[in-house]
Amino acid sequence: MSTQPTEQPPRMREVFHFGPYAWNINLAEDIVQGRGPDYVRADETGPLFLVHINEDYAATVDLTKPLIVAPIPDAGNLVIDGWHRIWKARKTGVETLPAHLLAPEEEYRVRIHGGDKGPGYYR
C-alpha cells in the first residue's frame with residue numbers, strides 16, 4: 001500500500017502589529033528557515049504588558065520554536081514573533097529561548113508599514 005501525499009492547507013497570513021508598525025511573520029519565518037538560532041534571556045525580551053497574551057493558548061506553545069527579533073531603527077531590537085513563548089518561559093522558569101535576529105535589510109523586507117513605509121491601516 002502506498003501513501004498518497006496529503007495536500008497542506010495554505011498558511012494563514014500572520015502579522016504582528018506594534019504601534020504604527022506591522023510585520024509579515026510568514027515572510028520572516030521563510031527568511032530564517034534553516035538558520036541555527038541564537039539564544040536570548042526570557043527576562044530580557046521586553047515588557048509583556050505591551051502585548052495581549054492569550055494565556056490558554058500560551059500554555060500550549062512550543063518553547064523550542066525560535067523567537068523572531070527585528071532591529072528597529074533608533075529603538076533597538078523588538079520581538080515580532082514569540083510573545084506567547086516568552087510568557088510561557090517566564091511562567092515556567094525557562095531562562096533562555098532560541099531566537100533569530102533579522103538583519104536590518106530583512107526587517108525592512110518583512111515590514112508591511114511603519115517608519116518610512118508609511119502609516120498603514122488596520123483591517
Query raised in the report: Is there a side-chain contact between F16 and D81, using heavy atoms and a 4.5 Å cut-off?
Result: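 No, side chains not in contact.
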**Report entry** Any W23 side-chain heavy atom under 4.5 Å of L78 side chain
**Finding:**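 Counting from C-beta outward, W23 and L78 do come under 4.5 Å.
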To check you understand the geometry: which heavy-atom pair defines the closest contact between [X] and [Y], and what is its length?
X	Y	answer
V94	A42	O-CB, 3.6 Å
H17	A22	ND1-CB, 3.6 Å
A58	K88	O-CD, 3.4 Å
L67	V40	CD1-CG2, 3.8 Å

By side-chain hydrogen bond (donor to acceptor under 3.5 Å, both in side chains), which residues pair with [X], not counting sequence neighbours?
X	value
D56	none
D43	R41
T60	none
R13	none

Report task. Decide whether I112 and L102 are clustered together by the hydrophobic rule: side chain heavy atoms of Ile, Leu, Val, Met, Phe, Trp, Tyr closer than 4.5 Å, transitively. Result ->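 Result: no, two separate clusters.
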Query raised in the report: According to a 4.5 Å side-chain heavy-atom criterion applied to Ile, Leu, Val, Met, Phe, Trp and Tyr, with indirect links allowed, do Y57 and V15 form part of one hydrophobic cluster?
Result: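 Result: no, two separate clusters.
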Just how far is it from atom [atom1] of [X] to atom [atom2] of [Y], taken to the nearest 0.5 Å?
X	Y	atom1	atom2	value
I80	I68	CD1	CD1	6.0 Å
D38	L97	CG	CG	12.5 Å
Y21	I72	OH	CD1	6.5 Å
F18	L50	CZ	CG	5.0 Å

List the residues meeting side chain to side chain contact (heavy atoms under 4.5 Å, CB included) with [X], not counting sequence neighbours, and say none if there are none.
X	value
N77	V69, P71, L101
E55	I53, W87
K117	Y108, R111
A59	none

Report task. Return each pair, listed once, that meets salt bridge (Lys or Arg N to Asp or Glu O under 4.0 Å) where at least one residue sits in residues 96-105; pairs must be two or more places apart or across chains. Result ->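 Not a single pair qualifies under salt bridge (Lys or Arg N to Asp or Glu O under 4.0 Å).
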Requested in this report: Give every residue pair that meets the salt bridge (Lys or Arg N to Asp or Glu O under 4.0 Å) criterion with at least one member in residues 64-78, sequence neighbours excluded.
Outcome: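 Checked against salt bridge (Lys or Arg N to Asp or Glu O under 4.0 Å) - neighbours excluded - the pairs reaching residues 64-78 are E29-K65.
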Requested in this report: Give every residue pair that meets the side-chain hydrogen bond (donor to acceptor under 3.5 Å, both in side chains) criterion with at least one member in residues 89-103, sequence neighbours excluded.
Outcome: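 Those involving residues 89-103 are T45-R90.
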**Report entry** Side-chain (N26) to main-chain (E14) donor-acceptor, under 3.5 angstrom
**Finding:**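 Indeed, once roles are kept as given, a pair shorter than 3.5 Å links the two residues.
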Query raised in the report: If you look only at pairs with a residue in residues 31-51, which of them pass as a ring pair (Phe, Tyr, Trp, His ring centres under 6.0 Å), with sequence neighbours excluded?
Result: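 Checked against ring pair (Phe, Tyr, Trp, His ring centres under 6.0 Å) - neighbours excluded - no pair reaches residues 31-51.
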